[in-house]
Amino acid sequence: MTETTKTRFKPRIFSGIQPSGGLTLGNYLGALKRFAALQGGEAETIYCLVDLHAITVWQEPETLRRNIREAAAAFMAAGVDPQQSVLFNQSQVSAHAEMAWLFNTVARVGWMYRMTQFKDKAGKNTENVSLGLLAYPALMAADILTYQATAVPVGEDQKQHLELTRDIAAKFNHDYGVEQFPITEPLIEGVATRVMSLRDGSKKMSKSDPSDASRINLTDDADAIAQKIRKARTDADPLPGTTEGLKDRPEARNLVNIYAALADQTPDAVLSRFEGQGFGAFKPALADLAVSSLEPITKRMNDFMADPAEIDRILGQGAVRADEIATPILERTKEIMGLLRTRP
């Protein structure tokens, strides 16, 4: 973090997850578990369900509403406390959309076309996808900078999005000769920030994979979790004593990393325990750990989902708190750009 960012801006962490349904172990280890751990420190924590991003592709309205609530339930079940953190869904705070339009005038079209996620999602159909799918990185920058967030926890595959946010902040500050936005820093930490498929260690665990056996869903019961780990692809070699020995063994490395993340240990510590043992011994131990870690989360999620009105109330309260932070920053941004203030 730059010295300017440290001194000029209040420490504030922002992150969000798309409420697209089907949250997995990858979402828990790569995001939710980390979000809960970041609470209570020096930095204020703001967590958002980015439903405006979700509608860049078609969503069935009732399903989207359920997915928003399910994602909120997962946040809270994983330990995110709505009293310690600000938890809300994006569309309830209009500053996100307003700031995104302002950033549309700052960002360059070429920046958008270079985004790999747009290329992946649009494929050869670039003329027929929604404009929102192309422009969504400006909304992502707005999500972060509307709160003048100084840090964002991201996985390795999300660094490009944050780089664009930093570019927009730097260009705005330069164009207007101000220091309105921080150059947000990435928080890349943890041993399983990128959890891979149980069927192919070269691919990220994803709800979109046709095979349900490739992932552990946060809604899976104990039997399903144990069975998926038991059938996870591995190799015939015993586990080495250090991570050096996992260099060309992606499936083995993935399972060791999952164990380490669930146990809050380093991969080397896990390997020192299981060195020389095969997966016939390791998989049952990992299954037991995964079940003991995830079963309480699934139960808490189900408890929250049994009372959707309470989830809506919590998200509404979070939106009020988020708006109180975002509105003055948005209004100051408009003033800098020469727009008339919309509020006295």
Sidechain-backbone polar pair: Thr327 side chain, Glu324 backbone, donor-acceptor under 3.5 Å: no
Side chain to side chain contact (heavy atoms under 4.5 Å, CB included) evaluation trace for Val270 with Leu239: CA-CA 10 Å; Val270 175; Leu239 287 168; over 6 Å; no
Side-chain touch Leu32/Leu218, heavy atoms, less than 4.5 angstrom: yes
Note: Asp264-Lys33 ion pair, threshold 4.0 Å (strictly below): yes
Thr56 vs Leu134, side chain to side chain contact (heavy atoms under 4.5 Å, CB included): CA-CA, chis, key distance, verdict: CA-CA 9 Å; Thr56 58; Leu134 176 64; over 6 Å; no
Residues Asp220 and Arg215 bridged, charged N to O under 4.0 Å: no
Given Arg194, Arg249, Met196, the one that forms side chain to side chain contact (heavy atoms under 4.5 Å, CB included) with Asn254: Met196
Of all pairs that satisfy ring-ring contact (aromatic ring centres under 6.0 Å, His included), the ones with a partner from residues 253-277, not counting sequence neighbours: Tyr259-Phe274, Tyr259-Phe282, Phe274-Phe282
pair Met205-Ser214: side-chain heavy atoms closer than 4.5 Å: no
Thr266 side, atom OG1; Leu271 side, atom CG - distance, nearest 0.5 Å: 8.5 Å
Listed once per pair and sorted, the side-chain hydrogen bond (donor to acceptor under 3.5 Å, both in side chains) pairs that draw on residues 131-141, sequence neighbours left out: Gln117-Tyr136, Tyr136-His161
Donor-acceptor under 3.5 Å (Asn27 side chain, Thr24 main chain): yes
Whether Asp51 side chain and Ala54 backbone form a donor-acceptor pair below 3.5 Å: no
Side-chain donor or acceptor of Ser197 paired with backbone N/O of Arg199 under 3.5 Å: yes
CG-CG distance between Leu29 and Leu25, expressed to the nearest 0.5 angstrom: 4.5 Å
Exam field: side chain Gln59 to backbone Leu64, donor-acceptor pair closer than 3.5 Å: no
Student check: side-chain heavy atoms of Leu52 and Leu139 closer than 4.5 Å: yes
Considering all heavy atoms, the nearest Pro328-Asp323 contact: CD-O, 4.2 Å
Set of residues satisfying salt bridge (Lys or Arg N to Asp or Glu O under 4.0 Å) with respect to Arg108, sequence neighbours excluded: none
Heavy-atom side-chain proximity of Met112 to Pro137 below 4.5 angstrom: yes
Nearest heavy atoms of Ala226 and Ala287, plus distance in Å: CA-CB, 4.0 Å
Shortest non-hydrogen separation from Ala213 to Leu198 and the atoms involved: O-CB, 3.7 Å
Within-4.5 Å side-chain heavy-atom neighbours: Ile13 and Glu44: no
Pairing residues for Asp175 by the side-chain hydrogen bond (donor to acceptor under 3.5 Å, both in side chains) criterion, not counting sequence neighbours: Lys171
Any side-chain heavy-atom pair of Ser15 and Pro153 under 4.5 Å: yes
Salt-bridge contact Arg69-Asp312 (side-chain N to carboxylate O under 4.0 Å): yes
For the student: nearest non-hydrogen atoms of Ala95 and Ala326, plus distance: CB-CB, 3.8 Å
Backbone N/O of Gln180 and side chain of Gln148: donor-acceptor pair under 3.5 Å: yes
Val152 with Val86, same ILVMFWY side-chain cluster at under 4.5 Å: yes
Nearest atoms (heavy-atom pairs only) where Lys334 meets Leu102: CG-CD1, 4.1 Å
Any donor-acceptor pair under 3.5 Å from Thr150 side chain to Arg12 backbone: yes
Partners passing side-chain hydrogen bond (donor to acceptor under 3.5 Å, both in side chains) against His96 (at least two apart in sequence or in another chain): Asp143, Tyr147
Results of ring pair (Phe, Tyr, Trp, His ring centres under 6.0 Å) for Tyr28 - residues two or more places apart only: none
Salt bridge flag under 4.0 Å for residues Glu185 and Arg166: yes
4.5 Å side-chain heavy-atom contact, Met99 and Thr333: yes
Asp212 versus Asn217, side-chain donor and acceptor atoms under 3.5 Å: yes
More than 12 heavy atoms of other groups within 6.0 Å of Glu60 CD: yes
Side-chain touch Val57/Ser130, heavy atoms, less than 4.5 angstrom: no
Val93-Val320 co-clustered via ILVMFWY side chain contacts under 4.5 Å: no
Check against side chain to side chain contact (heavy atoms under 4.5 Å, CB included), Tyr47 and Leu38: CA-CA 11 Å; Tyr47 299 129; Leu38 289 167; 3.7 Å; yes
Within residues 282-301 or reaching into it, pairs that qualify as side-chain hydrogen bond (donor to acceptor under 3.5 Å, both in side chains) - sequence neighbours excluded: Lys299-Asp303
Donor + acceptor pair across side chains of Thr242, Asp268 (<3.5 Å): no
Derivation of the side chain to side chain contact (heavy atoms under 4.5 Å, CB included) call for Ile329 and Arg332: CA-CA 5 Å; Ile329 296 170; Arg332 175 58 182 152; 5.9 Å; no
Least distance between heavy atoms, Ala141 atom then Thr165 atom: CA-OG1, 3.5 Å
N/O donor-acceptor pair under 3.5 Å between Gln265 side chain and Ala260 backbone: no
CZ (Arg321) with more than 12 external heavy atoms under 6.0 Å: yes
Listed once per pair and sorted, the ring-ring contact (aromatic ring centres under 6.0 Å, His included) pairs that draw on residues 298-335, sequence neighbours left out: none
Partner set under salt bridge (Lys or Arg N to Asp or Glu O under 4.0 Å) for Glu70, not counting sequence neighbours: none
From CG (Leu23) to CD1 (Ile17), nearest 0.5 Å: 6.0 Å
Contact list for residues 54-87, test ring-ring contact (aromatic ring centres under 6.0 Å, His included), sequence neighbours left out: Phe35-Phe75
Results of ring pair (Phe, Tyr, Trp, His ring centres under 6.0 Å) for Phe181 - residues two or more places apart only: Phe103, Phe172
Exercise: do Ser85 and Gln39 side chains pair donor with acceptor under 3.5 Å: yes
Partner residues of Glu62 under the side-chain hydrogen bond (donor to acceptor under 3.5 Å, both in side chains) criterion, sequence neighbours left out: Arg65
